[in-house]
There are 2 protein chains.
Amino acid sequence: MAAETAKATRREQLLAIAAGLFAEKGFKNTTVRDIADASGILSGSLYHHFDSKESMVDEILSTFQEELFAAYDAVLASDAESRAKIERAVRLSFEAIDQHPHEVAIFQNDAGYLGAFERFGYLAERNAQSREVWVALLTEGVAAGALRQDLDIELTYRFIRDTVWVAVKWYRPGGRHSHTEVADQYLTILLDGISTTTPQLHERP
Amino acid sequence: MAAETAKATRREQLLAIAAGLFAEKGFKNTTVRDIADASGILSGSLYHHFDSKESMVDEILSTFQEELFAAYDAVLASDAESRAKIERAVRLSFEAIDQHPHEVAIFQNDAGYLGAFERFGYLAERNAQSREVWVALLTEGVAAGALRQDLDIELTYRFIRDTVWVAVKWYRPGGRHSHTEVADQYLTILLDGISTTTPQLHERP
DNA sequence: GTCTATACCGCGATAGAC
DNA sequence: GTCTATCGCGGTATAGAC
C-alpha cells in the first residue's frame, strides 16, 4: 500500500494543481499547457496520468461531492432538533468552502457548462439531492414551529443554497474571519435578520 | 434621427443576441460563429458592425452599468429614511435582474475573467462604487438605529451583494414569482430572518 | 514518468467580391 | 450589409524515444 500511496499522491498533486487553476480561471479558460506548466512538466506528460482535461475535472468534482453529501446525509439522519439540524447543515457548508474552496468554486462556476455533457449528469442529480435535503429540513422546521409559517419553502431553499455557496467568491481560508465566524454571522442574519425591529410582532413603542 | 434609430436598432439586435449567448454559455465559451449563426449571418459579417468579440461584451456591460449606477446614485442621494433606502436599493437590484438578466449574468460569471484586461478596468471601479453605496447605506442604518448595532458592516455588505445578484441564476422573468415578490421575500428574510424566535433576546425558558 | 515532435481542429479576425 | 475564402494561432490530444 506504500507504493499505491505514492502513486495516488502524484495523481493527487496534479489534480490539486489543476483544481487551483480551474477555480481561478475557469475550466474552459485553463489550458492543459497551463496545468503542465504549473506542475513543472510538459503538456504531453499529463496524458500519462489522465485521459483528458475533462477526466481531471470529473475526478475533482465527483470525489468532493461524494464526501460532501455523505456529511449532509448524516445531518439529515440525526435526531437533533429541527433548528439545530439547519444550523449544522449551514456550518457544514461553510466548512466545505474552507476545506475545499477550489472544488466549490469549480462547481459554482462551471457546473452549468459541464452539466450539458452526459458524462456530468451526476451534477444535476446532486443538485436535486441537495434540494431534497434542504426542503426536508425547512419543512420539518416549519412543522416544528421553529420557522415562520409563512415561508415560501422553495424560495427559501434557493436563497440559502445560493447565499451559502456564493461565499466562496470572497472567503479565503486563513483570512480575517474563520469559517465558523462567517457561519455565525450568516446564521444570525438568516435566522433573526439584520433589523432591530422584532419579527412577527412588528414595531415597539 | 429615423435613420440613426434604424442603424442603432440593428446594432442592438446583434448585441441582444450576443448577450443571450454570453449569459447562457459564458463569454469564452461563446464563439463568434455562434453569434453569427443565431443572427442568421456569417461570422465575417459581424465584423462590419463590431471590432471584436471583446468590443461586443464591452458595449453590453458598460451600457448596462451606466444605467444601473445612475439608479443607485438616485437612491443614495434621496432623503428617504434609512430603512426605506435599503429596501429601495434591494428592490432596484431585483428589478435589474428582471429587466436585464443577460447583462447581470454576464457580469456575475465573466467579470472575473474580463477584469484582468486593462480595457475592462471599469468593472473593478464599478465594484468599488457599489461597495461604497452599500457601506454608506448600512452605516447610516446602524447610526439611525434601524439596524442592529453588532453588525459587521463589511460582511453584511458582501452577503447582501452576493445574495441579491446570485438570484440571476434561477430567476426567470415572467416565471412563477414576479421580481417584486422575490424582493419582498428577500427583504423579509434579510430584515427579520426566517426564525420564529425574537432576535436580540436569545432563547426562552 | 517525462520529453520531443507533431497531427488536427476550431478559434478570432481580415480582405475583397457582390 | 453580407458572403466567400482564407490566414495564423493556440487548443486538445497522440506516438514513440528516452
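These values consider heavy atoms only, across backbone and side chains, with no hydrogens, waters or symmetry-generated copies. Letters A, B, ... mirror the listed sequences (proteins, then strands); counts begin at 1.
Across dT2(C), dT2(D), dG11(D), the shortest atom-to-atom separation from the side chain of R10(B) is found for dT2(D). Relative to the side chain of S52(B), the nucleotides dA13(D), dC3(C), dA13(C) differ in distance, and dA13(C) lies closest. Which of dT2(D), dG12(C), dT12(D) sits closest to the side chain of T31(B) comes down to dG12(C). Closest to the S43(A) side chain, of the nucleotides dC3(D), dG11(D), dA13(D), is dA13(D).
Across the protein-nucleic acid pair, D51(A) atom CG and dA13(D) atom P stand 9 Å apart, rounded to whole Å. Counting to the nearest Å, the P atom of dT2(C) and the CD1 atom of I35(A) are 14 Å from each other. Atom pair L21(A):CG and dT12(D):P shows a separation of 12 Å (rounding to whole Å applied). The CG-C1' distance, from L46(B) to dT2(D), rounds to 11 Å in whole Å. Atom CD1 of I41(A) is separated from atom C1' of dT4(C) by 14 Å (rounded to the nearest Å). Taking atom NZ of K53(B) as the reference point, atom C1' of dG10(D) lies 14 Å away to the nearest angstrom. Atoms NE2 (H49(B)) and C1' (dC3(D)) sit 12 Å apart, rounded to a whole Å. The distance from atom CZ of R11(B) to atom P of dT2(D) is 13 Å, rounded to the nearest whole Å.
Here H48(A) reaches the OP1 or OP2 of dG1(C): one of its side-chain N or O atoms lies under 4.0 Å away. The phosphate of dT14(D) has neither OP1 nor OP2 within less than 4.0 Å of any side-chain N or O from Y47(A). Dashed line: the shortest gap from a side-chain N or O of S45(A) to OP1 or OP2 of dG1(C) is not under 4.0 Å.
Summarising the local packing, CD of E181(A) is surrounded by more than 12 heavy atoms from other residues, nucleotides or ligands at distances under 6.0 Å. Other residues, nucleotides and ligands contribute more than 12 heavy atoms inside 6.0 Å of the CD atom of Q99(A).
Within 4.0 Å of L42(A), counting heavy atoms only, lies at least one base atom of the nucleic acid. Nucleic acid contact class of T30(A) (heavy atoms, under 4.0 Å, all strands): sugar-phosphate only.
A centroid separation of less than 6.0 Å is found between the aromatic rings of H100(A) and F64(A).
Remark: the S130(A) side chain and the N127(A) side chain contain no N/O donor-acceptor pair separated by less than 3.5 Å.
Remark: side-chain polar atoms of T196(B) are paired, donor with acceptor, to backbone N or O of A146(A) under 3.5 angstrom.
Residue side chain R33(A) does not reach the base of dG10(D) through any donor-acceptor N/O pair under 3.5 Å, judged by distance alone.
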